[in-house]
Structures are given as C-alpha cells and as structure tokens.
Visitor: 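Let me give you the structure first, and then I'll get to my questions.
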Protein chains: 2
Amino acid sequence: MTAVAVDVALLAIEAGRLTVLLVEPESADLAGTWSLPGRRVRDDESLDTTALRALRELAGIERPTLLLEQLRTYGAPTRDPRARVVSVAYLALSGAPLHPAPGPRPGPRAVVADAAEVLDWPPARFAYDHAAIVADAIERVRSRLEYTALATALLPAPFTLAALRGVYEAVWGGPLDPANFRRKVLATPGFVVPAPGPAVAGPGGGRPARRYAAGGATRLHPAMLRDR
Amino acid sequence: MTAVAVDVALLAIEAGRLTVLLVEPESADLAGTWSLPGRRVRDDESLDTTALRALRELAGIERPTLLLEQLRTYGAPTRDPRARVVSVAYLALSGAPLHPAPGPRPGPRAVVADAAEVLDWPPARFAYDHAAIVADAIERVRSRLEYTALATALLPAPFTLAALRGVYEAVWGGPLDPANFRRKVLATPGFVVPAPGPAVAGPGGGRPARRYAAGGATRLHPAMLRDR
DNA sequence: CCTGTTATGGTCAGGGTGACCAGAACAGGA
DNA sequence: TCCTGTTCTGGTCACCCTGACCATAACAGG
C-alpha cells in the first residue's frame with residue numbers, strides 16, 4: 001500500500017541570505033544525510049495541517065509561518081527504498097530569521113542552511129529526493145517574487161523599502177538599483193502601503209527610510225522581472 | 001489507510017473553443033455527475049504513468065497527449081465521502097480535437113465539454129471536488145500561455161499564425177489583434193520557426209498564410225500578457 | 001562643520017505595446 | 001477580365017515601462 005506524506009521546505013531570510021531549514025532524518029540508515037521536515041498524513045487531517053504539524057513536531061516551529069503553499073507532489077516508485085511513499089511537498093515562508101534549535105528541544109537536530117550553498121550539494125547529501133524538492137522550492141520563490149507580492153511575507157512589518165529590496169537581492173542573488181526598485185514597487189498598486197511612525201536609519205547609517213507594510217495586492221501588475 | 005489517485009484534466013481546442021474531457025463516474029451513487037478520468041496509483045507505477053493509464057482506460061486516448069504536467073494535489077479529508085483519497089491532479093493538452101467516443105468502446109461514457117460553460121456549472125454537477133480541479137486546470141492553461149510556449153502543444157504542426165492566434169483567443173476568450181500578435185510571436189526567439197511547404201488559405205479565404213512549427217523555446221521572453 | 005552613507009526624486013534613451021493604417025495575395029462572383 | 005471580400009503581412013506612431021545614471025535630502029559620527 002502506498003503511503004502519503006508531506007514534506008515542507010521552510011525558507012527565510014537571514015543576514016541577507018536565503019536560508020532553508022533542514023532536519024536529521026529519523027531513520028538510522030539515513031544518518032549523515034539531511035532532509036526536509038516531513039510527516040505521514042493522518043486519516044482525518046488535511047494536507048495543510050500535516051505540513052504545519054511537521055514543522056511543529058520536527059523543528060519546534062509553532063506559528064511564524066506567514067505563507068504556506070503547495071509545491072508539487074513527488075511520487076517516483078523508488079524514491080523511498082523502504083516503502084512506496086508519495087510525498088506532497090510544501091513551500092513555507094517565514095517572516096523572521098530561523099533559530100536553529102535554541103537549547104535542548106524534542107525531536108531531531110535541525111540546521112538553517114544557506115540556500116545558494118545547498119543548491120551545490122551533491123544530491124546524495126540529502127535523504128530521498130529532497131535535493132530536488134529543495135531546488136524546486138527555491139526556484140518557486142524566485143519566480144513568485146516576480147509575479148506576486150509574497151516578498152512581504154519574508155519580512156517582519158513594518159519594513160523599509162531597503163529591507164524589501166534586501167529580500168529580492170537575497171532570493172535572486174544579485175544587487176538591484178535602489179532608485180529603480182523603489183519606483184517599481186511604489187508604481188505597483190497595493191504592493192506596499194505607508195506605515196505610521198517615524199523613519200528609521202539602517203545599520204550603515206544614512207538617511208532614515210520611511211516604513212511600509214504589505215498592501216492588499218497578491219499579484220503584481222506590472223511584474224518585477226529579474227534579469228535572465 | 002489513505003489511498004492515492006491521479007485525476008487528469010485533458011484540454012483541447014475544438015472549433016475555436018477550449019474543451020475539457022469528462023467521464024461518467026464508475027460508482028453508481030455518483031450517477032448524474034461528471035468527473036475527470038482518474039485511477040488509483042499502482043504500487044510500481046509513477047504518477048505520470050497513472051495519468052496516461054487513466055486516459056487510456058477511461059477515455060480510450062492512446063497517445064495524442066503532447067503535454068502532461070502536474071497541477072496540484074487535492075487532499076481534503078472528506079473530498080471522497082467513502083474513503084480517504086488523496087488525488088494528484090494532472091493537466092494534459094491534446095494537439096488535436098477530442099472525439100467523444102466514436103462508436104462502442106470499453107469503459108464509461110465520455111463527453112467533450114466547453115470549458116467556458118463548465119466553469120458556470122454548479123459544483124454539485126461534478127463528482128468529488130472535480131469542479132475545483134477543472135477550474136484550476138483552465139486557469140493554469142490561461143496563465144501558461146502567457147509565459148511559456150505551450151500553445152503550440154494545442155495545435156497539429158505545421159500551423160499558421162492565425163491558427164496559433166486562435167488557440168490564444170479560445171483559451172483567453174477574447175479577440176487579439178492579428179498584426180500585433182504576429183509581431184510579438186516572431187519577436188520572441190524560438191517560439192515558432194518557419195516550416196517548409198506552401199502557404200495555405202484559411203476557411204474564410206483571404207491571402208494564404210505561411211506555415212510554422214514549434215521552435216525550441218519553452219519560456220517566452222518577453223511574455224505574451226493577456227488583458228486583466 | 002565636515003564626511004560618509006543611504007534615501008529619495010528626477011532625467012533620458014531604448015524597447016515593448018496597443019491602436020491603427022495600407023498594401024499584398026488569394027477566392028469567388030459579375 | 002474585373003471587382004469585391006477576406007485575410008495575411010508589414011509598417012507607423014504615441015505611450016508606458018525599464019535600466020542607467022545623476023542630484024539632492026537627511027541623517028550619524030568624527
């Protein structure tokens with residue numbers, strides 16, 4: 001009988017870099033590899049609920065996830081050599097940097113890995129086909145930033161336009177022109193709205209920047225296309 | 001135990017309209033509703049293989065599918081009142097119009113329905129949550145036509161630019177300017193390439209049109225954005 | 001008060017786009 | 001043969017978006 005599981009790629013921004021949460025597999029014969037937090041789907045539970053439970057039980061993440069989106073489903077017959085497991089992969093975005101297991105915690109060890117580095121790992125360093133899932137998740141975020149407003153889900157509100165630009169630069173891996181970025185963001189209706197409160201300077205000093213919050217828009221018109 | 005199934009939304013163009021293939025559910029208590037062709041996943045078979053088998057066994061479709069792409073997975077605990085079934089939905093595109101069961105054929109009855117009409121059906125006219133799957137499939141094709149070259153998968157080659165434009169008009173449901181459409185298609189590298197052979201006039205007469213075939217490109221730069 | 005840094009606003013040329021026009025190339029009928 | 005209707009094909013033009021770039025504003029710190 002084929003079993004159904006959910007695996008979650010939880011991404012966040014930390015120190016200007018895109019990161020992904022990895023955990024140690026529970027089974028002993030996968031020691032030395034890393035995997036995404038995943039759980040079997042219970043009979044009475046939705047797929048989304050399973051995803052949240054996997055984050056809670058395996059990574060101690062309670063609720064900081066602001067966005068949860070289905071990625072795709074991986075069902076190669078031999079992807080798990082022990083049994084037939086069809087896995088529904090999820091993409092999750094955290095609005096705050098991830099803390100890799102502060103102190104003793106139930107469950108396996110967890111690490112926060114740099115996404116760009118993880119893409120260069122040999123696939124065997126991952127359990128199952130999780131290398132492909134991680135790669136698909138990263139590509140999905142890169143693409144979603146072009147056409148949707150979910151970059152704001154990777155930031156605590158309120159935020160400056162420089163911080164929002166930092167999200168794009170972290171995910172896409174390259175610098176963006178501050179003036180042009182500002183022009184495009186403000187020209188897209190509903191992307192961000194001004195937040196009350198004083199302007200605040202960044203860590204490098206300079207003129208304090210106005211703060212904004214996420215607007216109501218989900219899709220961006222026009223899109224924020226990255227260079228190819 | 002939760003079971004895994006695959007449901008396929010097979011779309012095609014017929015007489016300038018986008019169509020979707022529907023079949024009668026096999027279980028008797030769903031009589032009067034329509035469903036997508038679907039099958040349980042066998043232990044030794046990949047999800048893609050299950051999708052092709054569903055089309056073969058339930059609709060008599062052998063191989064005209066030029067494109068098969070995973071849509072998303074539907075896993076609400078009560079989507080099938082009889083048992084817990086997690087369904088991986090697929091989008092399939094046919095390069096030729098679908099023939100609704102020519103003569104006696106094994107398997108249940110099948111119809112080719114107009115996509116625009118089906119979107120207006122009450123959800124109860126579908127079995128399970130297949131109304132949502134059909135709607136997602138149609139929206140996926142509409143979106144894919146903007147950013148990818150898969151419109152050529154809905155046409156037999158070689159084709160004229162008017163026929164390609166007809167695909168866009170059928171899927172998006174509105175007229176496009178022939179001259180501007182032509183300019184954009186030809187300006188997108190690798191979208192189409194000229195095909196050998198003479199030009200041919202359309203059904204309404206007029207100047208014969210040059211024929212083209214699909215180029216090697218999969219993504220369109222720049223994109224063919226539809227009106228919103 | 002000066003310097004360094006960042007935010008913010010503006011200019012300018014180039015490319016993509018929609019609206020539109022006009023000739024080219026046929027079929028079919030007078 | 002000539003005319004008409006249709007569609008294909010190529011072109012123009014104004015408008016918007018974009019990237020590259022410059023200038024000024026507004027702070028912190030020496």
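Letters go in sequence order (proteins before strands), and every chain restarts at 1. Model, not experiment: these values are computed from the prediction.
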Visitor: Run the side-chain hydrogen bond (donor to acceptor under 3.5 Å, both in side chains) test on B/Thr148 and B/Thr218 for me, step by step, so that the C-alpha distance in whole Å, both residues' side-chain angles and the decisive distance to 0.1 Å come before the verdict.
Guide: CA-CA 5 Å; B/Thr148 73; B/Thr218 61; over 6 Å; no

Visitor: Among residues 141-175 of chain A, which ones have heavy-atom contacts with DNA chain C below 4.0 Å?
Guide: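 Output list: A/Ala162, A/Arg165.
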
Visitor: Between B/Leu10 and B/Val20, is any pair of side-chain heavy atoms under 4.5 Å apart?
Guide: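 Side-chain contact under 4.5 Å: no.
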
Visitor: Nearest heavy-atom pair of A/Leu58 and A/Pro37: which atoms, and what distance?
Guide: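 Looking at all heavy atoms of both residues, the closest pair is CD1-CA, 3.8 Å.
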
Visitor: Base, sugar-phosphate, or nothing: which does B/Gly204 touch, judged by heavy atoms less than 4.0 Å apart?
Guide: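 Sugar-phosphate contact only.
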
Visitor: Output a table of donor-acceptor pairs, distance under 3.5 Å, between side-chain atoms of residues 126-141 of chain A and any protein atom two or more places apart or on a different chain; print 'none' if there are none.
Guide:
unit_1: A/Tyr128; atom_1: OH; unit_2: A/Arg82; atom_2: NH2; d: 2.9
unit_1: A/Asp129; atom_1: OD1; unit_2: A/Arg79; atom_2: NE; d: 3.3
unit_1: A/Asp129; atom_1: OD1; unit_2: A/Arg79; atom_2: NH2; d: 2.9
unit_1: A/Asp129; atom_1: OD2; unit_2: A/Arg79; atom_2: NE; d: 2.8
unit_1: A/His130; atom_1: ND1; unit_2: A/Leu36; atom_2: N; d: 2.9
unit_1: A/His130; atom_1: NE2; unit_2: A/Asp7; atom_2: OD2; d: 3.2
unit_1: A/Asp136; atom_1: OD2; unit_2: A/Tyr74; atom_2: OH; d: 2.5
unit_1: A/Glu139; atom_1: OE2; unit_2: A/Arg226; atom_2: NH2; d: 3.0
unit_1: A/Arg140; atom_1: NH1; unit_2: A/Glu69; atom_2: OE2; d: 2.8
unit_1: A/Arg140; atom_1: NH1; unit_2: A/Gln70; atom_2: O; d: 3.4
unit_1: A/Arg140; atom_1: NH2; unit_2: A/Leu71; atom_2: O; d: 2.7

Visitor: Rounding to an integer number of Å, can you tell me how far A/Arg182 CZ sits from C/dG9 C1'?
Guide: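 In whole Å, C/dG9 C1' lies 8 Å from A/Arg182 CZ.
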
Visitor: Measure all distances between protein nitrogen or oxygen atoms and nitrogen or oxygen atoms of nucleotides 17-21 of chain C, and list the pairs falling under 3.5 Å.
Guide:
unit_1: C/dT17; atom_1: OP1; unit_2: B/Ala223; atom_2: O; d: 3.4
unit_1: C/dG18; atom_1: N7; unit_2: B/Arg183; atom_2: NH2; d: 3.1
unit_1: C/dG18; atom_1: O6; unit_2: B/Arg183; atom_2: NH2; d: 3.1
unit_1: C/dA19; atom_1: N7; unit_2: B/Asn180; atom_2: ND2; d: 2.9
unit_1: C/dA19; atom_1: N6; unit_2: B/Asn180; atom_2: OD1; d: 3.2
unit_1: C/dA19; atom_1: N6; unit_2: B/Arg183; atom_2: NH2; d: 3.3

Visitor: Atom CZ of A/Phe181 and atom P of C/dT6: how far apart are they, to the nearest Å?
Guide: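 Computing the A/Phe181:CZ to C/dT6:P distance gives 16 Å.
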
Visitor: Taking CG from A/Leu220 and P from D/dC17, how many angstroms apart are they, rounded to a whole number?
Guide: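 A/Leu220 atom CG is separated from D/dC17 atom P by 14 Å.
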
Visitor: Test of understanding: with side-chain contact (heavy atoms from CB on, under 4.5 Å), list the residues that count as partners of A/Leu225, not counting sequence neighbours.
Guide: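 Scan of A/Leu225 (side-chain contact (heavy atoms from CB on, under 4.5 Å), adjacent residues dropped) gives A/Glu146, A/Tyr147, A/Ala223.
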
Visitor: Minimum heavy-atom separation for A/Pro222 and A/Thr188, please, with both atom names.
Guide: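 Distance-wise, the nearest heavy atoms are O-OG1, 3.8 Å.
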
Visitor: Quick check: closest heavy atoms across B/Leu55 and B/Ala92, and the distance to 0.1 Å?
Guide: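 That would be CD1-CB, 4.4 Å.
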
Visitor: Keeping A/Glu169 on the side-chain end and A/Leu176 on the backbone end, is there a donor-acceptor pair under 3.5 Å?
Guide: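 Between the backbone of A/Leu176 and the side chain of A/Glu169 there is a qualifying donor-acceptor contact (under 3.5 Å).
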
Visitor: Is the shortest side-chain heavy-atom distance between A/Tyr212 and A/Thr160 below 4.5 Å?
Guide: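 Not in contact.
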
Visitor: Each nucleotide in nucleotides 23-30 of chain D should get exactly one letter: B, S or -. Can you fill that in based on protein heavy atoms under 4.0 Å?
Guide: --BBB---

Visitor: What is the distance from CG of A/Leu186 to P of D/dC17, rounded to the nearest Å?
Guide: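 Nearest whole value for this atom pair: 14 Å.
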
Visitor: Under the ring pair (Phe, Tyr, Trp, His ring centres under 6.0 Å) rule, what pairs show up with a residue in residues 181-204 of chain A, not counting sequence neighbours?
Guide: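 Qualifying pairs: A/Tyr168-A/Phe181.
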
Visitor: Kindly give the heavy-atom pair with the smallest separation between B/Ala12 and B/Leu98, and that separation in Å.
Guide: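 Taking every non-hydrogen atom into account, CB-CG, 3.7 Å.
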
Visitor: For B/Arg211 and D/dT9, what is the distance between atoms CZ and P respectively, to the nearest whole Å?
Guide: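 These atoms are roughly 12 Å apart.
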
